[in-house]
Amino acid sequence: MLTLQVLRNDRDALEQALSKRGIDAAPLLDRILTLDEERRHTQKEVDDLKAEQNAASREIGALFKSGKKDAAEARRAEMGGLKERIHALDERQKELVGEQEAALLELPNRPHATVPAGQSDTDNEVVSEEGAKPDLGDAALPHWELADRYKLIDFEAGVKISGAGFPVYRGKGAKLQRALIQFFLDRADAAGYEEFIPPHLVNADSGRGTGQLPDKEGQMYHCADDDLYLIPTAEVPLTNLYRGDLLNEGDLPIQLCGYTPCFRREAGSYGKDVRGLNRLHQFDKVEIVRFEKPENSYAALDVMVEHVRGLLRDLELPFRTLRLCGGDLGFTSALTYDLEVWSAAQGRWLEVSSVSNFETFQANRLQCRFRNSEGKPELVHTLNGSALALPRIVAALLENHQTPDGIRVPTALQPYTGFDSIS
RNA sequence: GGAGAAGUGCCAGAGUGGUCGAAUGGGCCUGAUUCGAAAUCAGGUGUGCCUUCACGGGUACCGGGGGUUCGAAUCCCUCCUUCUCCGCCA
């Protein structure tokens, strides 16, 4: 949620920036500003009436104390109308605040100056590409066939016990999952991220805090009896750790990481794009999260992207870095880099990480602030990134490192798996 | 799940209808004292919204929400959380 401050001070520039997302924000912006004017007007009115009421109440109290009962009673009789007017205005004010809040919630984050305008993922900007795509020849198999051949993943068992999109990992496939999680967590730890094991079910306030609610309501699994949501990413519980907090300047930056399973309903398509591990209802991910002072947040974003690149290099995977265009940029993000690994057998790029700076967009919803050098509360900047999501990494690992004799485990991962090949 | 108790500022803790945003103590900040420090003394120390060029002023907030009242931290309802005891249980 953008701050009213930005809207009031910078309406035209904001409209301009939002146009990069391919939307015309003007009607919404104007509506919010109109509501704002009325809200302020009503606020003034209601505050003045309350001031009048408070003064009268004090007066009545004083009269009673000094024994002037008749005068007190007389004054009291005059108060009835005032009370009702205050009540009515209070109600109106609540409505206005609610409407303004709802309208503000519809407004996506303002894209950073470097975000290219564009409609879809075809307009994303390729920032860099590294690692050699392997030449596997005609014998190359897609990961779902490799997973089957080496008995690493049982997709059909998953269908039986849960449904499509819930793979069952077995044997070395299960060990590979565990090894990757441990590897990612160790790297995050070495980079200064404190590890957390958060709840996997969160309340609606947390969903709102990070922006999954209300706009992605249908994408989360919801336990209706207890009104809890299964987390779609560790971003939700980790970022909400600091919801409502007023931090000291010295507390920043805060760096967190955590491994969790992630649950996504992903109502939608079937076909080759979502085959195998490409798109799942449940998957594992290690997430890194940072809370930063505004002036440092973009430097931090670069550090995070570089962290993820380091992981991909050590896994010996060819990858590229994209700067998302306005049309592909997430609702809550100001700037996002996607990291994609080359899927050799599928012949396409797979997104394995998304690293974003939300600036104050989440912090405003979260009400997460810090006391700045002037002693004034100021919204922090929040950032997060996958480091990394497992399924597509596994897919890329199987496909890129396949040999006639089996799957080669990258050197950096061998201490974690305990084996150097899968055959 | 059942019974009881409690939730107040950074912390401890007072306040049970009227100048209470809230005593007192601790912490923290500033100043005095000191060569410096400790100790001591003086002052300061929440947030949101509205308003003001500014100084300032108004209003709301004592777990959340609602209600009673001229007036609520204080009374009532409801929800949440914590603690104690019982039950159940990985």
Side-chain angles (χ1 to χ4, degrees), chain A residues 1-9 32-105 197-209 213 223-229 237 240-252 254 261 360 362-380:
Chain A
M1 182 164 71
L2 290 166
T3 59
L4 270 171
Q5 197 77 357
V6 171
L7 248 96
R8 282 194 207 138
N9 299 344
I32 293 169
L33 288 173
T34 307
L35 280 166
D36 192 44
E37 236 169 86
E38 193 182 349
R39 194 200 99 245
R40 287 153 82 173
H41 180 77
T42 312
Q43 181 76 53
K44 180 90 181 89
E45 222 174 327
V46 86
D47 279 357
D48 287 348
L49 288 178
K50 281 180 179 174
E52 197 181 326
Q53 183 185 53
N54 287 341
S57 291
R58 275 192 290 269
E59 208 182 302
I60 291 168
L63 287 170
F64 270 121
K65 244 182 198 164
S66 59
K68 294 173 183 162
K69 285 221 170 59
D70 292 346
E73 289 292 350
R75 195 77 182 83
R76 186 160 71 179
E78 297 168 24
M79 299 300 294
L82 190 60
K83 202 176 157 187
E84 270 163 39
R85 280 166 65 205
I86 288 173
H87 187 74
L89 273 177
D90 255 339
E91 291 300 310
R92 177 67 188 139
Q93 184 66 351
K94 270 186 209 167
E95 271 175 39
L96 288 169
V97 169
E99 277 177 49
Q100 189 177 33
E101 181 97 341
L104 221 38
L105 240 29
I197 302 181
H200 300 163
L201 278 79
V202 297
N203 57 30
D205 281 343
S206 294
R208 269 189 289 274
L213 294 176
C223 303
D225 282 350
D226 301 289
D227 196 20
L228 292 171
Y229 295 84
N240 273 281
L241 246 18
Y242 289 91
R243 167 152 50 86
D245 284 5
L246 181 51
L247 303 162
N248 291 314
E249 196 175 14
D251 296 334
L252 299 172
I254 292 170
T360 60
Q362 285 184 330
N364 190 29
R365 285 195 188 189
L366 291 162
Q367 277 305 297
C368 178
R369 297 168 298 167
F370 74 103
R371 214 174 273 287
N372 65 21
S373 50
E374 288 169 8
K376 294 266 184 283
E378 183 178 341
L379 292 168
V380 302

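Residue numbers begin at 1 in each chain, while the letters A, B, ... track the order of the sequences.
In this structure, the side chain of A:Thr42 engages the main chain of A:Glu38 through a donor-acceptor pair within 3.5 Å. Remark: the backbone N or O of A:Lys44 is not paired with any side-chain donor or acceptor of A:Asp47 at under 3.5 angstrom. A donor-acceptor pair under 3.5 Å is absent between the side-chain atoms of A:Asn372 and the main chain of A:Glu378, judged by distance alone.
The number of heavy-atom neighbours closer than 6.0 Å to CZ of A:Arg75, taken from other residues, nucleotides and ligands shown, is above 12.
Applying the 4.0 Å criterion to OP1 and OP2 of B:rG46, one finds that A:Arg371 has every side-chain N and O outside that range. In terms of phosphate contacts, A:Lys65 brings no side-chain nitrogen or oxygen within less than 4.0 Å of OP1 or OP2 of B:rG18. Taking only side-chain nitrogens and oxygens, A:Lys94 never comes nearer than 4.0 Å to OP1 or OP2 of B:rG65. Within the structure, every side-chain polar atom (N or O) of A:Gln43 is placed at least 4.0 Å from both OP1 and OP2 of B:rU59. Between A:Arg58 and B:rG71 there is no side-chain polar atom (N or O) within less than 4.0 angstrom of OP1 or OP2. Remark: A:Asn54 is in phosphate contact with B:rU59, judged by side-chain N or O atoms under 4.0 Å from OP1 or OP2. Contact annotation: A:Lys50 side-chain N/O to B:rG58 OP1/OP2 distance is not under 4.0 Å. For A:Lys376, no side-chain nitrogen or oxygen approaches OP1 or OP2 of B:rU47 to under 4.0 Å. Between A:Arg76 and B:rG71 there is no side-chain N or O to OP1 or OP2 distance below 4.0 Å.
Here B:rC10 presents its P atom at 14 Å from CG of A:Asp251, a figure rounded to the nearest Å. With rounding to whole Å, A:Phe64 atom CZ is found 10 Å from B:rC70 atom P. Following rounding to the nearest Å, A:Leu49 (CG) and B:rA60 (C1') show an atom-to-atom distance of 15 Å. Here B:rC70 presents its C1' atom at 15 Å from CZ of A:Arg85, a figure rounded to the nearest Å.
Separation of atoms CG (A:Asp226) and CG (A:Asn203) is listed at 11.5 Å; rounding is to 0.5 Å.
Taking a pair as Watson-Crick or G-U with both hydrogen-bonding distances under 3.5 Å, the stems of three or more pairs touching RNA chain B are B:1-7 with B:80-86, B:10-12 with B:24-26, B:27-32 with B:40-45, B:46-51 with B:56-61, B:63-67 with B:75-79.
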Salt bridge (Lys or Arg N to Asp or Glu O under 4.0 Å) assessment of A:Lys50 paired with A:Asp90: CA-CA 10 Å; A:Lys50 281 180 179 174; A:Asp90 255 339; 3.4 Å; yes
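When the C1' atom is used for both B:rG43 and B:rU47, the distance is 23 Å, rounded to whole Å. Annotation: B:rG58 and B:rU19 have their P atoms spaced 16 Å apart (nearest Å).
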